[in-house]
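Just so it is clear: chains get the letters A, B, ... in the order the sequence lines come, proteins before strands, and each one is counted from 1.
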Amino acid sequence: MTLPLTGREIPLITDEWADPSLGTGCVKITPAHDPNDYEVWQRHREIGAVNVLNSNGTIAAQGPYQGLDRFAARKRIMADLDAQGLVEKIEDRTIEIDHSDRSKTIVEPWLSKQWFVHMADVDGGIVMGRGTSKEFHSKGLAQAALDATAGALPAFADGTKRAQVMFHPDQDRYRKMYDQWLAEKRDWCISRQLWWGHRIPVWRGDLPTQHLLMLAPMLKGQLSRDDVAAWIVLPDGTRLSVADAITRLQQPNAPQSIEVQICFRDESADATTGPMLQGAGLELDPDVLDTWFSSALWPHSTLGWPHPETAKVDAGQPSLGGKDGHKSALDYWYPGSCLVTGRDIITLWVARMVITGLYNLGDVPFSSVFLHATILDGKGERMSKSKGNGIDPLDIISRYGADALRYVVCELQTGTQDIRLPVQAISPFTKEGEPERLIDLATAKPGPYLGTFLDPVTKQPMDLIGQYAKEGLTPAKATSDRFAVGANFCNKLFNAARFAFLNLEGSTFVARKAGDLPLEDRWILSRLAKARAAVHGSLSDYNPAAAIAVAREFFWGELCDWYLELIKPRFRPETDANERAIAQQTLAFVLDQTLRLLHPFVPFLTETLWQSLRSLAPVRGIEAPLSDSELIVHAKWPEAGTARIDAEAEAAVAAVQQWCAAIREARASYQVVPRARIGVRIQATGALATLLQRGQGLLAHMAGAESIAIGADQQPTKDSATVVIGDGKAYLLGVVDLDKERDKLGKQAEKLRQQIQSMEQKLGNEGFRAKAPPQVIAQQEESLAAMRQQVAGIEQRLREL
RNA sequence: GGGCGAUUAGCUCAGUUGGUUAGAGCGCCUCCCUUACAAGGAGGAUGUCGGGGGUUCGAGUCCCUCAUCGCCUACCA
């Protein structure tokens, strides 16, 4: 057939690609400009492939359109076809076209030569870690990386197992992502057309066949060396070793011209031998390596691979080589333990690091991969510099502090859930003296350019990416008030420590048995031991948010809210010196351990407080002195201290807390002035009475009671408010309004009756009785009995009123 | 189109193998500047756990389905 536009003769072929249901069922094929047409070309090599475009988007093909921009050419082509009367119909059709993310330009497919890394299995297998003590064989690169996560890599020569690469916090999910991608074993295109990066170390060029044959005797010697790889590519794409090529090219019908490709193992050869190759018409490939190729080398290249002894280091840094019997940096640090990265990086980078580590060193670069969540903006979109919806950590640091940033980021990392972090712009249009105005970027109207937003008050555009100074736009910074949580935490920690420091003057260490300490001391030591275990457990589970929640609850909810308040009386001037000394010793110990526990989350503040603590209480401990350290960053992680777990103390303080909360609630609902100290009588018998008597003083102190009397014979006065918990009753003297009291107790009883009813229904269900585990049934029966008892107590009190 | 996830309080998120009345922080309401802390304290309100089906004595949790959203990947002249 003749192509009407250029008069070129083109073949007519049949192929499954053409769809008879679309248009005429006939379609032009442009293998160099369409991935599907490219596939057609692979099936019909005779049609050839013409690269229609130049790299700048103008028409390359000879003819009337040469040099025209592609958009202009398309219009011209339509006009020309129309002029020739060849256009029957024009239909609108929606198609999807790729656009460059950065420039938004339409991406045009373009035929070009690229380098690929062969990922699939290779006949005879490949050698991994060649020449190292960890050398082993694998079927192929991708397969080796699959074996790494399957735990299927062969053992080392000495019989020890190679590490299995494990994913956290969701091994199944993330390993599946990794495995599914690798299982395709698709070749990895490593050529990139960028002006920066690691240049692909291959010399190539077209040579006349005669030229190559003349050089043959010399090449045979040079190119069979182990440190040079060389190939000859025939015009039909066949790729041969130099020796095979020379044999082949001496036969009749040999092509006139061939392509030569040479790669030196040692990159210095590019400089020494390069000029000679250039003279022969070869050039170093102008493309650079894929970012991920260079990045894949990071775990070992940063440690001086392949020669740590001679690896370049910055001025003032020690050599990476080993000496005096010490290992080199590479031997010491490789393999590493844990890689922390994002989910989208699993295939791009993690898999490739495993591949290059196994290939170059015969070992995995790390055994654990911790995938953190992705931080998104308030709309659920990825933060991006060009969109201006991101936050600069340095801005957060200057606004809230480095510890606040770290604390909140740890707190956000809960598991596999992506994190929405609403972003606000700080309005640059507030006047002197006006309060700062934060503008939520999720709802703000976009400005005239990408990365700009309108200030809703002044309607002026703000530049969030600092790119529009020329256009006269005012730059604005982004922040997120979520980080205030971290700053508040630091403030609380600072103040709690300050309270301790104000009272630790003259603190000494005397070996004591934890069991001999006062109730509140035994309690906080017990809680500390449990918090320590829980924080440790959560960190081991790669769950920083859970760890920080436990640490926070211990520090704020138990140490500050209860323990510091409970021991205040012991620091009063009139207190016995020994009691004070014990309080100091326990406080110093607990603060020591708390600082260590919080150090991973707020390192700078804990480091500062550590210095003060050390100078005020140089020796800290209970049974024995703790190990000390000049810097907390070097200090040992808090000791397990499980021996200090004290169920009895915990039960007593838990009772104090429960009754205190109930008394406070009653005080609040009767609007008792917070500072007023009231009389309290608690009617209780048996175990409850014993428990409350242990914590009697503490309860009085914390509940703002002038005095607390506890006993079976305690009776209310007429003006008492009543608090009923279980089979005990507390009477708050002189606070009551009778109507209000009846109303309150009536509501409480009603709520309890509803719960009792639903519980009775459940327990009366034969299916439940027959099938539920006995301990669940027992538990529910127990709680039903307790609720019935409580209701009875309330009803009795109501009758009395 | 394929794959992997998500949907719980106004907001951001927890909720372990199914088991009492579903939690936290922020925000909100009331009271309090009490000699560590108002960036704080005491108390309080707020949820048909995305919709619909199913399994079970029992479902936020397991299964199916629909809706919406996100990520990875492919992509029809």
Side-chain angles (χ1 to χ4, degrees), chain A residues 17-19 22-30 34-37 93 95-98 170 173-174 176-177 180-181 184 342-344 346-348 373-374 376 378-382 400 404 408 411-412 414-422 440 442 480-482 484-503 541 543 545-546 549 552-553 557 560-561 564-565 568 572 660-661 664-669 671-675 702-704 751-752 754-755 758-759 762-763 765-773 775-777 779-784 786-787:
Chain A
W17 173 240
D19 183 348
L22 290 169
T24 60
C26 294
V27 61
K28 56 96 181 142
I29 298 294
T30 49
D34 182 279
N36 290 299
D37 289 6
R93 180 83 58 89
I95 57 170
E96 285 182 28
I97 293 175
D98 276 339
D170 188 341
R173 177 179 168 193
Y174 296 132
K176 208 193 255 178
M177 285 174 68
Q180 283 180 352
W181 183 82
E184 292 183 26
R343 206 172 42 234
D344 49 335
I346 292 175
T347 53
L348 288 174
T374 311
L376 309 171
K379 282 193 223 167
E381 293 176 3
R382 262 186 113 82
Y400 296 103
V408 171
E411 194 185 40
L412 293 175
T414 56
T416 56
Q417 176 67 32
D418 281 345
I419 300 152
R420 280 195 192 209
L421 185 65
D440 181 14
S480 176
D481 53 17
R482 292 283 300 277
V485 170
N488 291 354
F489 181 85
C490 291
N491 180 58
K492 186 74 176 177
L493 177 56
F494 175 82
N495 279 301
R498 193 156 75 106
F499 168 79
F501 298 154
L502 287 172
N503 291 292
D541 286 344
N543 192 338
R552 181 190 201 279
E553 176 53 28
C560 291
D561 288 352
L564 295 186
E565 296 301 330
K568 275 180 181 172
R572 287 189 192 128
C660 181
R664 282 171 174 174
E665 187 188 335
R667 288 179 60 123
S669 80
Q671 282 155 348
V672 177
V673 184
R675 305 171 75 168
M702 295 299 283
K751 199 173 169 191
L752 278 165
Q754 278 172 16
Q755 285 170 17
S758 91
M759 189 73 82
K762 188 175 206 175
L763 285 164
N765 183 327
E766 281 179 26
F768 177 74
R769 290 240 166 237
K771 294 184 183 174
Q775 68 269 26
V776 172
I777 297 175
Q779 188 187 36
Q780 307 224 352
E781 276 175 338
E782 209 173 291
S783 97
L784 176 62
M787 285 191 289

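Residue-to-nucleotide proximity on RNA chain B shows that, of Arg498(A) and Asn543(A), the 5′-proximal contact is made by Asn543(A). Heavy-atom nearest nucleotides on RNA chain B were determined for Asn491(A) and for Arg482(A), and the one closer to the 5' end corresponds to Arg482(A).
Side chain Lys176(A) to base C4(B): no donor-acceptor pair is found below 3.5 Å.
Glu565(A) comes within 4.0 angstrom of a base, heavy atoms only. Note on Cys490(A): nothing from the nucleic acid sits closer than 4.0 angstrom, heavy atoms only. As judged by a 4.0 angstrom heavy-atom cut-off over every strand, Ala549(A) is placed among residues making no nucleic acid contact.
Distances were taken from every side-chain heavy atom of Arg664(A) (C-beta onward) to each of G40(B), G25(B), A42(B); the shortest belongs to A42(B). Side-chain proximity of Asp561(A) to C37(B), A42(B), U34(B): nearest is A42(B). When distances are taken from the side chain of Asn36(A) to each of C32(B), C76(B), U12(B), the shortest belongs to C76(B). Distance from the side chain of Glu665(A) is smallest to G43(B) among G43(B), C13(B), U34(B). Nearest to the side chain of Arg552(A), among A36(B), U21(B), G25(B), sits G25(B). In this structure, of A77(B), A36(B), U12(B), it is A77(B) that holds the atom nearest to the side chain of Val27(A). Set against A36(B), A14(B), U34(B), the side chain of Gln417(A) has A14(B) as its closest nucleotide. In the set U34(B), G43(B), G19(B), the nucleotide with an atom closest to the side chain of Phe768(A) is G19(B).
One can place OH of Tyr400(A) at 11 Å from C1' of A39(B), the figure rounded to the nearest angstrom. Taking atom CE of residue Met702(A) and atom C1' of nucleotide G41(B), one finds them 11 Å apart after rounding to whole Å. The CZ-C1' distance, from Arg173(A) to G5(B), rounds to 5 Å in whole Å. Protein atom CG of Asp344(A) is 14 Å distant from nucleotide atom C1' of G5(B), rounded to whole Å. To the nearest angstrom, P of G70(B) lies 12 Å from CG of Asp418(A). Between Gln671(A) atom CD and G43(B) atom C1' there is a gap of 11 Å when expressed in whole angstrom units. Taking atom CG on Asn488(A) and atom P on G25(B), their separation rounds to 13 Å, with Å as the unit. Rounding to whole angstrom units, CG of residue Leu376(A) and P of C11(B) are separated by 17 Å.
No donor-acceptor distance shorter than 3.5 angstrom exists from the side chain of Asn491(A) to the backbone of Ala487(A), with no hydrogens or angles considered. Distance alone, capped at 3.5 Å, places no donor-acceptor pair between the Arg552(A) side chain and the Phe489(A) backbone.
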Could you please spell out the steps behind the side-chain contact (heavy atoms from CB on, under 4.5 Å) verdict for Asn488(A) and Tyr400(A)?
CA-CA 9 Å; Asn488(A) 291 354; Tyr400(A) 296 103; over 6 Å; no
I'd like to know whether Arg482(A) forms a side-chain contact (heavy atoms from CB on, under 4.5 Å) with Arg420(A), so could you lay out the CA-CA distance, the side-chain angles of the two residues, the decisive distance to 0.1 Å, and finally the verdict.
CA-CA 11 Å; Arg482(A) 292 283 300 277; Arg420(A) 280 195 192 209; over 6 Å; no
Assess the residue pair Tyr174(A) and Met177(A) against the criterion (side-chain contact (heavy atoms from CB on, under 4.5 Å)); give the C-alpha distance rounded to whole Å, side-chain angles, the decisive distance to 0.1 Å, and a yes or no.
CA-CA 5 Å; Tyr174(A) 296 132; Met177(A) 285 174 68; 3.9 Å; yes
Begin from the C-alpha positions of Thr416(A) and Arg343(A) and carry the test side-chain contact (heavy atoms from CB on, under 4.5 Å) through to its verdict.
CA-CA 9 Å; Thr416(A) 56; Arg343(A) 206 172 42 234; 5.5 Å; no
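Separation of the C1' atoms belonging to U17(B) and C62(B) is 12 Å when rounded to the nearest angstrom. Between the C1' atoms of G18(B) and A36(B), the separation comes to 46 Å (whole Å). One C1' atom belongs to G47(B), the other to C11(B), and the distance between them is 14 Å to the nearest Å. Comparing the P positions of C72(B) and A77(B) gives a spacing of 24 Å, expressed to the nearest Å. Across G50(B) and U7(B), the matching C1' atoms stand 6 Å from one another, rounded to whole Å. On the P atoms, U35(B) is 43 Å away from U20(B), given to the nearest whole Å. Across the C1' atoms, G23(B) and G60(B) are found 12 Å apart, a figure rounded to whole Å. Of the P atoms belonging to C76(B) and G19(B), the separation is 49 Å, rounded to the nearest Å.
A close approach under 4.0 Å does occur between a side-chain nitrogen or oxygen of Thr414(A) and OP1 or OP2 of A14(B). Between Lys379(A) and C69(B) there is no side-chain polar atom (N or O) within less than 4.0 angstrom of OP1 or OP2.
Heavy-atom contacts from other residues, nucleotides or ligands closer than 6.0 Å to CZ of Phe768(A) number more than 12. Heavy-atom contacts from other residues, nucleotides or ligands closer than 6.0 Å to CD of Glu381(A) number more than 12.
Minimum interatomic distance between Ala703(A) and Arg667(A) (heavy atoms only, all atoms of both residues): O-NH1, 3.1 Å.
To the nearest 0.5 Å, atom CG of residue Asp170(A) and atom NZ of residue Lys176(A) are 9.5 Å apart.
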Where each pair must be Watson-Crick or G-U wobble with both distances under 3.5 Å, what dot-bracket representation of RNA chain B is obtained, with crossing pairs in [ ] and other-strand partners as |?
(((((((..((((.....[...)))).(((((.......))))).....(((((..]....))))))))))))....
